[in-house]
Amino acid sequence: MHIAIVGCGQLARMMALAGWPMGHRFTFLASPGEGTDCVKGLGDIVVHTLEMEDKVLFEALGKPDVVTVEREHVNVELLATLEPHCAVSPSPAAIKYCQHRGREKTFLNSLGIQTAPFHLANNADELSAGVKALGFPVFVKTCEEGYDGYGQWVLRNDDDLDKLVAEADKLPEVVIEGRVDFCRELSLIAARNASGECVFYPLTENLHRNGILWSSLAPADAPADLHAKAKEIADKLLNAMEYVGVVAIEMFQAGDELIVNEIAPRVHNSGHWTQGAGICTQFENHLRAICDFGLGNTTNNQHAAMVNLLGIEAPKEIVSESNVQHHVYNKSLRPGRKVGHLNLASDDRAALETQLQRIRSSLYEG
Ligand code: AMP
């Protein structure tokens, strides 16, 4: 099939790399000025211009069978103009829920899915009132466009609040969240195809550094009922949205409760370990879902882990370890930039955790 992907980053790259063996071909839609190094050589690249919408965009993309996205910050109105011409998966309506933190949380709560307590604020008065209602500390996040910790403030006291209130006329709409006293961060990657079949990967345990994913470990060491709870959340969400494709649900674990922080309507960094675990990867399952094929196996027999390469290259002695899979995105190095990742897998959980810690310290602590 001919698949068009909105975006030209590493997620588009890995979708295309998964699709080539299946005989799919790819076109990538770049925003003006967007870097395209990640997808070079993997398909045609079309740079979006203002007149490209509806049939003109469909034709500029080479009349694809299906259009998908590698990021949630896309113009959903533009995407919707493609719907009369080809499948667009996930749907613009589903993506729209995830583009606004307030809309997303309201939707989750309407399904009975727990989130952090929150208030929305558009101005200084609403900001102060929201903070007062929740009590310090609070997380203030822009409703739209924030990612990887950007567009986010932690307020611990009145001084922090006063500083942000002084800036409030420059702030876009924000969501104020009460702090969740979590013991760890987890995510669940799931897929649903157009026929309604759903599959769920096991819960993944994630470690962040400066708001950016640092490493993942799967399956998360958790009792069966926590895995079941996460699956129930994903099942409810996928079916309520009539979602098609892979989705990532980021959660906090507090006691034996799961509190949803964010939904990403796309393949996700915390699912990269699926490439090294001997199962159908999140990238292949996304393509299977949007092409309405049956979905692939998501149950790993081995333990798997992933370490991000954030602004660094991995040394030869690490990528030479026999169970290390090395992925590079063809991006130039910049501090903190996601330029690649390492996947590790082992039958021995304790050995894998030791190896993961050793590699993380060797990469980041010199
Ligand atoms: P986010 O941009 O929403 O993914 O948040 C980035 C990171 O900030 C998360 O991975 C958490 O470590 C932390 N965080 C965000 N929101 C909360 C919250 N309501 N309570 C506690 N920690 C949070």
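Count residues from 1 along the sequence. Remember, it's a predicted structure, so these values are computed and weren't measured experimentally. Side chains included, hydrogens not; waters and symmetry mates left out as well; all remaining heavy atoms used.
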**OP:** Decide yes or no on side chain to side chain contact (heavy atoms under 4.5 Å, CB included) for Ile95 and Tyr243, but give the supporting numbers first.
**Re:** CA-CA 9 Å; Ile95 297 169; Tyr243 190 89; over 6 Å; no
Any chance [atom1] of [X] has more than 12 other-residue heavy atoms, nucleotides or ligands included, within less than 6.0 Å?
{"X": "Lys141", "atom1": "NZ", "value": "yes"}
{"X": "Lys55", "atom1": "NZ", "value": "no"}
{"X": "Lys231", "atom1": "NZ", "value": "no"}
{"X": "Glu313", "atom1": "CD", "value": "no"}
{"X": "Asn301", "atom1": "CG", "value": "no"}
{"X": "Arg358", "atom1": "CZ", "value": "yes"}

Would you say the side chain of [Y] lies within less than 4.5 Å of the side chain of [X], judging by non-hydrogen atoms?
{"X": "Gln99", "Y": "Glu104", "answer": "no"}
{"X": "Tyr97", "Y": "Arg103", "answer": "yes"}
{"X": "His303", "Y": "Glu353", "answer": "no"}
{"X": "Pro219", "Y": "Leu203", "answer": "no"}
{"X": "Leu342", "Y": "Val319", "answer": "yes"}
{"X": "Cys98", "Y": "Pro265", "answer": "yes"}
{"X": "Asp44", "Y": "Phe28", "answer": "no"}
{"X": "Lys331", "Y": "Asp37", "answer": "no"}

Flag yes if [X] and [Y] sit in one hydrophobic cluster, no otherwise; membership is Ile, Leu, Val, Met, Phe, Trp, Tyr, and two members link when side-chain heavy atoms are under 4.5 Å apart.
{"X": "Phe293", "Y": "Ile3", "result": "no"}
{"X": "Leu82", "Y": "Val47", "result": "no"}
{"X": "Ile290", "Y": "Ile263", "result": "no"}
{"X": "Val246", "Y": "Met14", "result": "yes"}
{"X": "Ile189", "Y": "Ile113", "result": "no"}

**OP:** With side chain to side chain contact (heavy atoms under 4.5 Å, CB included) as the test, would you mind laying out the steps for Lys105 and Val175 before giving the verdict?
**Re:** CA-CA 10 Å; Lys105 286 180 200 299; Val175 62; 4.2 Å; yes
Is a side-chain donor-acceptor pair under 3.5 Å present for [Y] with [X]?
{"X": "Thr115", "Y": "Asn109", "answer": "yes"}
{"X": "His85", "Y": "Asp54", "answer": "yes"}
{"X": "Gln275", "Y": "Asn343", "answer": "yes"}
{"X": "Gln10", "Y": "His327", "answer": "no"}
{"X": "Ser187", "Y": "Ser270", "answer": "yes"}
{"X": "Asn300", "Y": "Tyr201", "answer": "no"}
{"X": "Arg209", "Y": "Ser215", "answer": "no"}
{"X": "Ser195", "Y": "Asp292", "answer": "yes"}
{"X": "Lys338", "Y": "Asn269", "answer": "yes"}

Original post:
Would Phe283 and His272 count as a ring pair (Phe, Tyr, Trp, His ring centres under 6.0 Å) if you check the C-alpha gap in whole Å, the side-chain angles of each, and the deciding distance to 0.1 Å?
Top reply: CA-CA 9 Å; Phe283 302 100; His272 289 0; 5.6 Å; yes
Is a side-chain donor or acceptor of [X] paired with a backbone partner of [Y] at a separation under 3.5 angstrom?
{"X": "Glu185", "Y": "Glu250", "value": "no"}
{"X": "Glu34", "Y": "Cys8", "value": "yes"}
{"X": "Asp65", "Y": "Met1", "value": "no"}

Is the closest basic N to carboxylate O distance between [X] and [Y] below 4.0 Å?
{"X": "Glu284", "Y": "Arg288", "value": "yes"}
{"X": "Arg266", "Y": "Glu70", "value": "no"}
{"X": "Lys170", "Y": "Glu167", "value": "yes"}
{"X": "Glu144", "Y": "Arg101", "value": "no"}

Original post:
Is the His2-Phe26 ring centre distance short of 6.0 angstrom?
Top reply: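 For His2 and Phe26, the ring centres are not under 6.0 Å apart.
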Original post:
So, for Tyr364 and Trp214, is the gap between ring centers shorter than 6.0 Å?
Top reply: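 That pair passes the under 6.0 Å test.
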Subject >> Criterion side chain to side chain contact (heavy atoms under 4.5 Å, CB included) on Leu134 and His119, from CA distance to verdict >> reply: CA-CA 8 Å; Leu134 291 166; His119 289 273; 3.7 Å; yes
**OP:** Under the salt bridge (Lys or Arg N to Asp or Glu O under 4.0 Å) rule, what do Arg192 and Glu242 come out as? Steps first, then yes or no, please.
**Re:** CA-CA 8 Å; Arg192 181 179 179 277; Glu242 295 187 17; 5.7 Å; no
Subject >> Check against side chain to side chain contact (heavy atoms under 4.5 Å, CB included), Ser128 and Val165 >> reply: CA-CA 8 Å; Ser128 301; Val165 162; 3.7 Å; yes
